[in-house]
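Every heavy atom of this structure was used, including side-chain atoms; hydrogens, water molecules and symmetry mates were not.
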Amino acid sequence: MVRLMLPWLVSGWLIGVVVFSLRLLLTWRHVGLLRTSQVTPVAEHLASAARRLADRMGLRCKVTLLESKIAEVPMVIGWLKPVILLPVAATSGLSVSQIDAILAHELAHVRRWDCPVNLLQSIVETILFYHPAVWWVSRTIRQERENCCDDIASEVCGDRVTYVRALLQLEELRQPESL
């Protein structure tokens, strides 16, 4: 019985791996486009704030800071040559201390090497796509990764309230105007 089902199980697993690999490749392509499409260098005061925060956090690698017209949330892309994308709304709608808090969060992702860890995590999800525990653990890891970066950002900025207000303001800027 098992010998009869084995080819079907392997075929099903292989189809799943191909589908999830395509998903991973499309996501990678989309992220690559975010990095290069409709981006401009940020104002010098933001770049210097990022350098100051990176120095305070002990980051040795150069992090490029870009303003994006299509990114909806601040994000880090890459780990060899990391880039932080800030949505246009974030650079125009937040105070200096709020932008510092958001930058500290994104720099914490760089410091913790979250991009390669996320890639490894995505590969594991692709190979073990069929197992619900993998998805639960993966979701938990992603949540904890964000929590760790939130804690680092609050510590670096010295004010948890400013950081929380920055997150709230960012979310409000993201929401479409209600009629």
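Asp159 CG to Ser154 OG: the interatomic distance, rounded to the nearest 0.5 Å, is 8.0 Å. Atom CG of residue Asp114 and atom SG of residue Cys148 lie 8.0 Å apart, to the nearest 0.5 angstrom. The SG atom of Cys157 sits 11.5 Å away from the CD1 atom of Ile99 when rounded to the nearest 0.5 Å. The line from CG of Leu168 to CG of Leu173 is 9.5 Å long, rounded to the nearest 0.5 Å. Asp150 contributes atom CG, which lies 12.5 Å from atom CD of Glu155 (distance to the nearest 0.5 angstrom). With rounding to the nearest 0.5 angstrom, the CZ atom of Arg111 is 11.5 Å from the CG atom of Leu53.
With a 4.5 Å cut-off on side-chain heavy atoms, Trp13 and Ile127 count as touching. Taking the side chain as every heavy atom from C-beta outward, Val110 and Met57 never approach each other to under 4.5 Å. A 4.5 Å side-chain heavy-atom check between Lys81 and Val63 finds every atom pair outside the cut-off. Two residues are said to be in side-chain contact when any heavy atoms from C-beta on lie closer than 4.5 Å; Leu85 and Glu106 fail this criterion.
Salt-bridge formation is not detected for the pair Arg139/Glu144: no Lys NZ or Arg NE/NH1/NH2 atom is positioned less than 4.0 Å from an Asp or Glu carboxylate oxygen. Electrostatic pairing of Asp100 and Arg52 counts as a salt bridge here, judged by a charged N lying under 4.0 Å from a carboxylate O.
Tracing side-chain contacts under 4.5 Å through hydrophobic residues (I, L, V, M, F, W, Y), one never reaches Val88 starting from Leu65; they form parts of separate clusters. Taking hydrophobic clusters as Ile, Leu, Val, Met, Phe, Trp and Tyr residues chained together by side-chain heavy-atom distances below 4.5 Å, Leu170 shares a cluster with Val156. A continuous path of ILVMFWY side-chain contacts below 4.5 Å connects Leu59 to Leu46, so both sit in one hydrophobic cluster. Residues Leu34 and Val42 do not share a hydrophobic cluster, clusters being chains of Ile/Leu/Val/Met/Phe/Trp/Tyr side chains in contact below 4.5 Å. At a threshold of 4.5 Å between side-chain heavy atoms, the hydrophobic network of Ile, Leu, Val, Met, Phe, Trp and Tyr places Tyr163 and Val76 in one connected group.
Pairing each heavy atom of Ile152 with each of Ala108, the nearest pair is CG2-CB, 3.7 Å. Across Ile70 and Ser37, no two heavy atoms sit closer than the pair CD1-O, 3.8 Å. Closest of all the heavy-atom pairs between Ser21 and Thr126 is OG-CG2, 3.4 Å. Closest non-hydrogen pair, Pro82 versus Cys61, comes out as CG-SG, 4.0 Å. Between Leu119 and Trp79, the closest heavy-atom pair is CD2-CH2, 3.8 Å. Across all their heavy atoms, Ser68 and Val39 have their closest contact at CB-CG1, 4.0 Å.
Shown here are the salt bridge (Lys or Arg N to Asp or Glu O under 4.0 Å) partners of Glu146, two or more places apart in sequence or in another chain: there are none. Checked against salt bridge (Lys or Arg N to Asp or Glu O under 4.0 Å), Arg56 has no partners two or more places apart in sequence or in another chain.
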Using distance only, find each side-chain donor-acceptor pair of residues 128-138 under 3.5 Å and give its atom names and separation, not counting sequence neighbours.
unit_1	atom_1	unit_2	atom_2	d
His131	ND1	Ala133	N	3.1
Trp135	NE1	Phe129	O	2.8
Ser138	OG	Gln121	NE2	2.6
Ser138	OG	Glu125	OE2	2.1
Ser138	OG	Arg142	NH1	2.8

Derivation and outcome, side chain to side chain contact (heavy atoms under 4.5 Å, CB included), residues Cys149 and Arg112 | CA-CA 8 Å; Cys149 290; Arg112 290 173 30 89; 3.8 Å; yes
For side chain to side chain contact (heavy atoms under 4.5 Å, CB included), just list the numbers for Ile84 and Leu66, CA-CA rounded to whole Å, side-chain angles, deciding distance to a tenth of an Å, and then say yes or no.
-> CA-CA 6 Å; Ile84 296 177; Leu66 298 173; over 6 Å; no
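Of the residues Thr91, Leu103, Leu86, the one that meets the side chain to side chain contact (heavy atoms under 4.5 Å, CB included) test with Pro74 is Leu86.
Residue Arg165 qualifies as open at atom CZ: its count of foreign heavy atoms under 6.0 Å is 12 or below.
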